[in-house]
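Comments concern the structure below.
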Number of protein chains: 2
Amino acid sequence: MTEKEVEKKLSSLFGDDSDVCFSSEFCLSVARSCAAYNLRRASRLVTQAFDQALKPSGLKITQFSLLVAFLLSPESNLAQLAKGLGMDRTTLSRNLRLLEDNGLVRTTPGEDRREQKVEITSQGKTAVLQAMPLWHKAQDRVVGILGEEKWAAMAKDLRIMASNLK
Amino acid sequence: MTEKEVEKKLSSLFGDDSDVCFSSEFCLSVARSCAAYNLRRASRLVTQAFDQALKPSGLKITQFSLLVAFLLSPESNLAQLAKGLGMDRTTLSRNLRLLEDNGLVRTTPGEDRREQKVEITSQGKTAVLQAMPLWHKAQDRVVGILGEEKWAAMAKDLRIMASNLK
DNA sequence: ACTTAATAGGAGTATATACACGCAATATGG
DNA sequence: CCATATTGCGTGTATATACTCCTATTAAGT
């Protein structure tokens with residue numbers, strides 16, 4: 001089947017919409033409005049900014065965030081943590097193993113022997129302390145783009161979106 | 001060196017701040033304000049929502065976005081596209097290869113024989129057409145959380161952040 | 001107590017992402 | 001014209017992410 005025949009078949013299947021669908025205007029409106037595209041792009045760029053800033057500490061922003069999360073919820077098991085982080089359980093497991101291999105956290109079985117409890121090590125604490133001023137610098141830079149107020153509003157809305165999708 | 005000795009060393013290195021730094025209050029304020037954490041979490045959850053919705057089409061939201069981007073900028077080479085997408089050049093290359101392996105796009109060398117031009121195939125167009133109503137459904141669901149207006153404002157701010165970090 | 005849920009977590013596989021490095025083609029300065 | 005710089009892109013490696021299936025442990029129902 002030639003390309004033109006396919007085009008005709010598409011037209012018969014989807015009607016005149018198929019032309020509209022491939023128009024620059026339509027594609028542009030999809031790209032500009034798409035929640036996933038806009039969030040993912042910003043997320044990529046912000047992640048890069050933080051990772052570059054954190055480089056001297058040897059941590060990536062994902063790892064820094066995890067360590068702070070462990071400090072915040074030392075009693076949680078992995079599933080609870082994953083839920084709070086809006087992250088798949090298995091993703092957390094794997095990110096965790098990396099931190100463990102680097103000696104930043106320690107995992108111990110809970111009383112319920114199915115559970116794993118996570119403890120931050122002194123090495124992990126040192127890393128967080130080293131990273132903290134670097135984090136501040138990146139945070140100031142990124143937040144400075146919109147200004148404190150707008151960022152606070154966006155952060156609030158991001159949390160609302162997250163809590164509605166969990 | 002025991003854990004306690006490490007704690008003491010940390011205190012002498014960083015002063016009283018090290019205690020403050022590990023307090024729940026402080027960690028909570030970091031987690032609540034961190035641009036990377038908040039964006040990444042929302043991005044993960046929104047991505048999951050779109051991926052689930054798009055499942056019947058066989059596309060992930062990343063692939064759908066790329067196809068729409070190719071439709072929008074058929075003249076761009078990979079580096080230009082990557083810049084527009086706020087994505088590393090090599091990431092785009094690899095995501096592209098996947099689409100090519102699945103027959104959704106075709107790459108041809110440009111006149112400048114260093115360049116690769118990307119063309120969407122008829123199979124790719126069919127996939128986009130199939131995915132479009134599914135995308136709409138996910139988009140409506142996600143945007144509905146905040147409402148059209150707030151989402152439009154957030155999308156605008158996300159673009160501002162992105163353009164300032166590129 | 002025994003059977004059956006339900007729960008906590010890991011392993012296999014696949015995609016998404018980026019950095020460091022290297023190669024080929026083009027552009028540029030002399 | 002040639003040497004060098006620049007540009008466009010691929011590969012190797014590492015991390016981040018999630019889905020599907022699997023095992024071990026505990027909870028619940030009878």
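Residue numbering restarts at 1 for every chain, and letters A, B, ... go by the order of the sequence lines.
Taking atom CD of residue B:Gln48 and atom P of nucleotide D:dT20, one finds them 12 Å apart after rounding to whole Å. The interatomic distance linking A:Met87 (CE) with C:dA16 (P) rounds to 18 Å, in whole Å. To the nearest angstrom, P of C:dA24 lies 18 Å from CD of B:Glu115. Between B:Leu92 atom CG and C:dC19 atom P the separation is 15 Å, expressed in whole Å. One interatomic measurement links the two molecules: CZ of B:Arg41 to P of D:dT17, which rounds to 13 Å at whole-angstrom precision. To the nearest angstrom, C1' of D:dG8 lies 14 Å from CG of B:Leu96. Here the P atom of nucleotide C:dT17 and the CZ atom of A:Phe50 are 19 Å apart, to the nearest Å. Atom pair B:Leu54:CG and D:dA18:P shows a separation of 16 Å (rounding to whole Å applied).
Ring geometry for A:Trp135 against A:Phe64 counts as parallel: the plane angle stays under 30°, on a 0 to 90° scale with 60° as the upper cut.
Side-chain contact of A:Thr62 with B:Arg40: a donor-acceptor pair under 3.5 Å is absent, judged by distance alone. Inspection of the A:Glu100 and A:Thr107 side chains reveals an N or O donor paired with an N or O acceptor under 3.5 Å. Side-chain contact, A:Glu119 with A:Thr108: no donor N or O sits under 3.5 Å from an acceptor N or O.
Under 4.0 angstrom from either OP1 or OP2 of C:dA18 there lies at least one side-chain N or O belonging to B:Thr91. Phosphate proximity of C:dA16 to B:Arg97: absent, as no side-chain N or O sits under 4.0 Å from OP1 or OP2. For D:dA16, one of the phosphate oxygens OP1 or OP2 lies less than 4.0 angstrom from a side-chain nitrogen or oxygen of A:Thr62. Within the structure, every side-chain polar atom (N or O) of B:Asn95 is placed at least 4.0 Å from both OP1 and OP2 of C:dT15. Distances shown here put a side-chain N or O of A:Ser93 below 4.0 Å from the OP1 or OP2 atom of C:dG10. An OP1 or OP2 oxygen of C:dG9 is reached within less than 4.0 angstrom by no side-chain nitrogen or oxygen of A:Gln116. Put simply, A:Lys55 has a side-chain N or O that comes within less than 4.0 Å of OP1 or OP2 on C:dA20. Look at B:Arg114 and you won't find any side-chain N or O under 4.0 angstrom from OP1 or OP2 of D:dC9. Within the 4.0 Å cut-off from OP1 or OP2 of D:dG8, not a single side-chain nitrogen or oxygen of B:Lys83 is found.
Residues B:Arg106 and B:Val118 have side chains not in contact (no heavy-atom distance under 4.5 Å, counting atoms from C-beta outward).
Each of B:Asp88 and A:Asn77 was assigned the nucleotide of DNA chain C with the nearest heavy atom; the assignment lying further toward the 5' end belongs to A:Asn77. Mapping B:Arg89 and B:Asn102 onto DNA chain C via the closest heavy atom, the residue that lands nearer the 5' end is B:Asn102.
Looking at A:Arg94, its side chain has no donor and acceptor atom pair within 3.5 Å of the base of C:dG9. The base of C:dC19 sits within donor-acceptor range of the side chain of B:Thr90, with an N or O pair under 3.5 Å.
For C:dA5, the base adopts the syn conformation, since its glycosidic angle falls within 90 degrees of zero.
Of the candidates D:dC19, D:dA16, C:dC19, the closest approach to any side-chain atom of B:Arg40 belongs to D:dA16. For A:Gln63, the listed nucleotide lying nearest its side chain is D:dT15; candidates were D:dT25, C:dT15, D:dT15.
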Side-chain donor-acceptor pairs of residues 159-166 of chain B under 3.5 Å, sequence neighbours excluded:
| residue | atom | partner | partner atom | Å |
| --- | --- | --- | --- | --- |
| B:Arg159 | NH1 | A:Arg32 | O | 2.9 |
| B:Ser163 | OG | B:Arg159 | O | 3.2 |
| B:Ser163 | OG | B:Ile160 | O | 3.0 |
| B:Asn164 | ND2 | B:Ile160 | O | 2.9 |

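Nucleotide D:dT26 is matched to nothing when pairs are restricted to Watson-Crick or G-U wobble geometry with both distances under 3.5 angstrom. Remark: C:dA5 base-pairs with no nucleotide; criterion is Watson-Crick or G-U wobble with both hydrogen-bond distances under 3.5 Å.
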